[in-house]
Amino acid sequence: MSLNVLVVGGAGYIGSHMVKNLCGRGVHVTTFDNLCSGHRDAVLGGAFIEGDLADRAALERVFAARKYDAVMHFASFIEVGESVRLPAKYYRNNVSNTLNLLECMQAAGVEQFIFSSTAAIFGTPQRVPIDETHPTNPINPYGRSKLMVEQMLADLARAHGLRSVCLRYFNAAGADPDGQLGERHNPETHLIPLVLQAASGRRPFMSVFGTDYDTPDGTCIRDYVHVADLCEAHWLALQSLAQGEGSQAYNLGNGDGFSVFEVIDTVRKVTGREFTVKHETRRAGDPSRLVADSSAARQKLGWVPKYPSLQTIVEHAWAFEQRR
Ligand code: UFG
């Protein structure tokens, strides 16, 4: 009998790659998405239900219609700057609506949950690379909203036996290696798609936010991890829960940091295009360096990223950008 998985936010960037991954394995997938930022045409397989996590009755109908083995939850607001301006929007959607989902799961007896968490729960790092023992101290409402869900999950595990895996992505990047899916945020705020849009001529220039950081070239360093590798980690997490393991949390990155200038150089090399780069002041809330120590995911889940090179990540994202 095939596995039944509910993918909440399956029309979004990472969720849509996950739906494709699961369908390719013969999993019976149902996507639940309100399409506020996702795209219906990015859901390449399985069933699709348009609905909102704020709508308890809609969620109850979803769980009444089918017995799910597990839920993967990708639906959240992700813009740090917006979360500072509109914190209630983030707490309402990322926390309160997630609680709706968890309560409906509990009522339906669904006990396995995989949660999209973030490096933002660590705040300004005390040390890098960041492993799971690093203290959590988020510095914006977005990071706090994700940490609150992690804390709720720990309480629900103790009280009701809900088993979860929290996957803290560092910088999700790249696109489907087959070229069918990619990053389509609106507005786009992430570095790699923005640089590629400058390279393709869809943007007149790109801006570098801060060249005076305490890093070798003065720009921020991030750990870019391929979206297909993140999906593989979700699959391994699902296997681990299916085998009866208890709740876990993992930091997911490649363990290599690249500066904004290094990303721009890689884009120039991959695309062969020239474009205008403007040096701007720092963006509020950007830590200078975020790099993951993912030893735990490697050892406990057996996670081995297939596309660890920044050049490959940029090549896949560029192939998608050119198709747009
Ligand atoms: N940057 C630029 N110019 C741009 C866009 C970004 O210089 O036009 C810089 C940023 O200042 C940062 C780096 O590129 O130094 C990466 O920025 P992104 O916005 O691509 O990614 P973040 O590191 O800010 O964000 C990622 C996730 C968030 C998560 C955060 C955790 O996308 O969801 O990591 O810190 F909250």
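Indexing begins at 1, ligand by ligand and atom by atom, following the structure's order. The first residue in the sequence is number 1, and the count goes up from there.
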Enquirer: Rounded to the nearest 0.5 Å, how far does SG of Cys231 lie from CE of Met18?
Expert: 5.0 Å
Enquirer: Both conditions, 6.0 Å and 45 degrees, for the charged tip of Lys300 above the ring of Tyr250: are they met here?
Expert: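 Judged by the rule, Lys300 and Tyr250 form no cation-pi pair.
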Enquirer: List, ordered by chain and residue number, the protein residues whose closest non-hydrogen atom lies under 4.0 Å from any atom of ligand 1.
Expert: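 Heavy-atom contacts below 4.0 Å: Ile78, Val80, Thr118, Ala120, Tyr142, Asn171, Thr189, His190, Leu191, Leu194, Ser207, Val208, Phe209, Cys220, Arg222, Tyr224, Val260, Arg283, Asp286, Leu290.
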Enquirer: Phe113 ring centre to Arg163 NZ or CZ under 6.0 Å, with the angle to the axis within 45°?
Expert: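 Because its charged atom misses either the 6.0 Å distance or the 45° angle limit, Arg163 does not stack over Phe113.
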Enquirer: Answer yes or no for Arg268 and Phe275: cation-pi contact, defined as NZ/CZ to six-membered ring centre under 6.0 Å and angle to ring axis within 45°.
Expert: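 Yes - Arg268 lies over the ring of Phe275, closer than 6.0 Å to its centre and within 45° of its axis.
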Enquirer: Between Thr266 and Gln311, does any side-chain donor sit less than 3.5 Å from a side-chain acceptor?
Expert: no
Enquirer: Report yes or no: do Asp217 and Ser259 form a side-chain donor-acceptor pair below 3.5 Å?
Expert: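 A donor-acceptor contact under 3.5 Å links the two side chains.
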